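Notes for the one structure printed next.
The shown structure was predicted, so the numbers you read here are calculated from the model rather than taken from an experiment. Computed from heavy atoms alone, side chains included, the values below leave out hydrogens, waters and symmetry copies. Proteins come first, then strands; the chains are lettered A, B, ... in the order of their sequence lines, and each starts at number 1.
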Amino acid sequence: MSRRLGTHGFAESVETLDRQLEDAPAGVADFGYAVHRAAKSTGIPADRLAVEIATGFPLSGGLAGVTSEGAYVNFHADTPRLVQATLELVFARGAEYGRGPPRAEKACVEHTSANPTGPFHVGRVRNGIIGDTLARTLRAAGLPVTTEYYVDDMGRQSAMITWIWSKPVDQWPESVREGARPPAGASPTTEKADRWYGRPYPFVSELLKRDPTAAQSVADLVRQIESGNAPARHRELAQAVLDAMLASLRRIGIQFDSFVWESSLVSDGSVARVIERFRKAPDAVVEENGALVLDAAKYGLPKETAKIVVTRGDGTSLYPTRDVAYHLGKFARFARAVDVLGQDHQLHARTLTAMLSELGEARAPEFVIYQDITVPEGGRMSTRKGRAVYLDDLLDEAVERAQAEVLQRREDLPSEQVAEIAERVGAGAVRYHILRVAPDKPVRFRWEEALSFEGRSGPFVQYAYARASSVLRKAGAEGAPAGFDAKSLSAPEETALVRVLARLPGTVQYVARTAHVHTLATYAHEAAESFNRFYQNIPVLRADEPMRTGRLALVAAARQTIGNTLDYLGLARLERM
RNA sequence: GGGCGUGUGGCCUAGUCUGGAUAGGGCAUCGGGUUCCUAACCCGAGGGUCGAGGGUUCGAAUCCCUCCACGCCCGCCA
């Protein structure tokens, strides 16, 4: 290429030219080269230069033709060769197709880390869906990944739960008892623990704002907990609520490899050690009331926020300080730390990085910041403000609707299997719906959209997989295909599908590099859409040979690729639906 | 006031890092498609000042500047 241009007096490095070679519009060519720059530097009109470059361009390897169109030189791949190579790669790698070479650096993806104070609302779950999908993708990219949940059992939030439940309900303050009255028939045995124990939470939160006595007793409890003398009930309650919360996350495919309880960082002395190190830090000063404050201006924080309080006046730690202890521990265990945080923690992220630098830690966490999910009326979801859609409720509704859909079209399946499919379709719809939008963008929650099984949705992708599975099942061709002829796959629907399948490994690498997990959702939709077009227009089972064998191979490759993508997305592969 | 993020047809959204060919999808609307592998599908139609203005460039949704709107945050909560 560069030699070719060189003959026209245009000298640029091969690397530069490689970068300028870009994807051509689908259906026009595989790659294109815009000659404008070369035209300018050589003085040759762009249109003519494109023709001159394309004419007689030496063909080799997978390059089947070079044409020109306007100011563009278009490169066409040798399609049968591309088809052959792609399908062979998919079959050779199987479940590994899409994965990158193993890498050594151990990575920790910390996500969710919600206080164990009540059921997840949809807003909070965005954290887990982004984090879990990123963890899956990083694993696919070859990294050993541990997902971790940081359990905050030290702050006011969890103390509020312990405080209210340590007294009998008839002794609760009036406002809490009234507000948190459970529905008729509800009991700790019929309700999940997060819902049951979390019910008084927003009312206690309100109470503390106007009742200094109550606020004082919660503050006393916080101090008691931090000093290591938490009532036994405290940990039991936190654990029970957390377990119930985790059960909800499991429904949408989220599980954790590791848990770190904030209290353990206090009890093992690591918080105290961090405080000691800050006392000796060059930019830390003790203020009049005894509070230890760090001036982090030199780390680039805006001056209004450069003062970071390390300890309270009474010497006890604050959340950022404990988070420093936590992250120093993380860096002892992992080469990379990824933190998924809501936009309200944006400043905390910078503060944490500054604090770690001050203590001489060269590494910094990599932050993935996502925007809020808002309720239709506006404002972000909040349990305390009574503005929230709970994950459990959304899932129940989604599963119910999915069940109706399955029953409508599958009378042949036993009810057990219908229920199983409905659960996974409902979960797929919810998970995909939240994942599909770029983390940088806010999401306005609307029931009808979250519950859609059509168009750009999780079930759309799952359906394509089920269709592919069904074809292969009926052909009795579920094993590794053999002896297909790539030349028999020449219809536009076929070659377009192959081109999409070929993009999975690159997409995985891109997502691992950028943390743009929604790109994987977009890819999944494109792959499913491309498969559906093929499926709709190209018969497989009743095709003549050699097309039949070739198409079965293509179906198998599509099933494998879409299936692997579903794995990375955390959606269930359904063999039928 | 400062920091970070966002603004793309009626609604939702991809593309922005790394400038390039008629801005790609979905929902909704209208019109088609099932004697054939699952119609949770497919095909077609209408609908776009890519927030506004300026700049750089052969070329800007994409880069730079200004402004507007919205969200979040701004020391002893987490």
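A:D220 and A:Q224 share no donor-acceptor pair across their side chains, judged by distance under 3.5 Å alone. In this model, no donor atom of one side chain and acceptor atom of the other lie less than 3.5 Å apart for A:H433 and A:S452. No hydrogens or angles considered: a donor-acceptor pair under 3.5 Å links the side chains of A:E575 and A:Y465.
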Using the 3.5 Å cut-off, write out each protein N or O paired with an N or O of nucleotides 27-33 of chain B and the distance between them.
unit_1 : atom_1 : unit_2 : atom_2 : d
B:rG33 : N2     : A:Q536 : NE2    : 3.0

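In this structure, the CG atom of A:N537 is 13 Å from the C1' atom of B:rU34, given to the nearest Å. Atoms OH (A:Y523) and P (B:rG15) sit 16 Å apart, rounded to a whole Å. One interatomic measurement links the two molecules: OH of A:Y535 to C1' of B:rC43, which rounds to 17 Å at whole-angstrom precision. Rounded to a whole Å, the CD atom of A:Q509 is 17 Å from the C1' atom of B:rC17. Rounded to an integer number of Å, the gap from A:Q371 CD to B:rC70 P is 16 Å.
You'll find that the side chain of A:R533 is closest to B:rC42, out of B:rC11, B:rG3, B:rC42.
Distance noted for atom P between B:rU8 and B:rG15: 14 Å (whole Å). Only the P atoms considered, B:rC72 is 32 Å distant from B:rG54, to the nearest whole Å. Spacing between B:rU18 and B:rG25 at atom C1', rounded to whole Å, works out to 23 Å.
In this structure, B:rC50 forms no base pair with any nucleotide, since neither Watson-Crick nor G-U wobble geometry is met with both distances under 3.5 Å. A 3.5 Å limit on both hydrogen-bonding distances identifies no Watson-Crick or G-U partner for B:rC17. Base pairing of B:rC11: its partner is B:rG26, meeting the Watson-Crick or G-U wobble criterion (both donor-acceptor distances under 3.5 Å). In a base pair of the Watson-Crick type (N1 to N3 plus N6-O4 or O6-N4) or a G-U wobble (N1-O2 and O6-N3), with each distance short of 3.5 Å, B:rC37 is matched with no nucleotide. Nucleotide B:rC63 is matched to B:rG55 when pairs are restricted to Watson-Crick or G-U wobble geometry with both distances under 3.5 angstrom. Under the Watson-Crick or G-U wobble criterion, with both distances below 3.5 Å, B:rA69 is paired with B:rU6.
The residues A:R401 and A:E405 are annotated as not salt-bridged, no charged nitrogen and carboxylate oxygen being separated by less than 4.0 angstrom. The pair A:E226-A:R223 fails the salt-bridge criterion, with no side-chain N (NZ, NE, NH1 or NH2) lying under 4.0 Å from an Asp/Glu carboxylate O. Taking a cutoff of 4.0 Å between a charged side-chain nitrogen and a carboxylate oxygen, A:E526 and A:R499 do not qualify as a salt bridge.
Remark: ring of A:Y72 stacked against base of B:rA21; centroid gap under 5.5 Å, plane tilt under 30°. B:rA14 has no stacking from A:H518 on its base ring, since the centres under 5.5 angstrom apart and planes within 30 degrees of parallel are not both found.
Classified by its glycosidic torsion, B:rG24 falls in the anti category, the angle being over 90° from 0.
The number of heavy-atom neighbours closer than 6.0 Å to CZ of A:F367, taken from other residues, nucleotides and ligands shown, is above 12.
Remark: A:H327 engages no residue in a ring-ring contact (aromatic ring centres under 6.0 Å, His included) (not counting sequence neighbours).
Judged by closest nucleotide on RNA chain B, A:P25 is the one of A:R542 and A:P25 placed further toward the 5' end. RNA chain B is contacted by both A:Q346 and A:P442; A:Q346 maps to the nucleotide lying nearer its 5′ end (nearest heavy atom per residue).
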Under 4.0 Å protein heavy-atom contacts per nucleotide of nucleotides 73-78 of chain B, with B for base, S for backbone only and - for none: SSBBSB

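For B:rG25, its base never sits under 3.5 Å from the side chain of A:H525 at any donor and acceptor pair. Contact of A:R446 with B:rU13 (side chain to base): no donor-acceptor pair of N or O atoms is detected under 3.5 Å.
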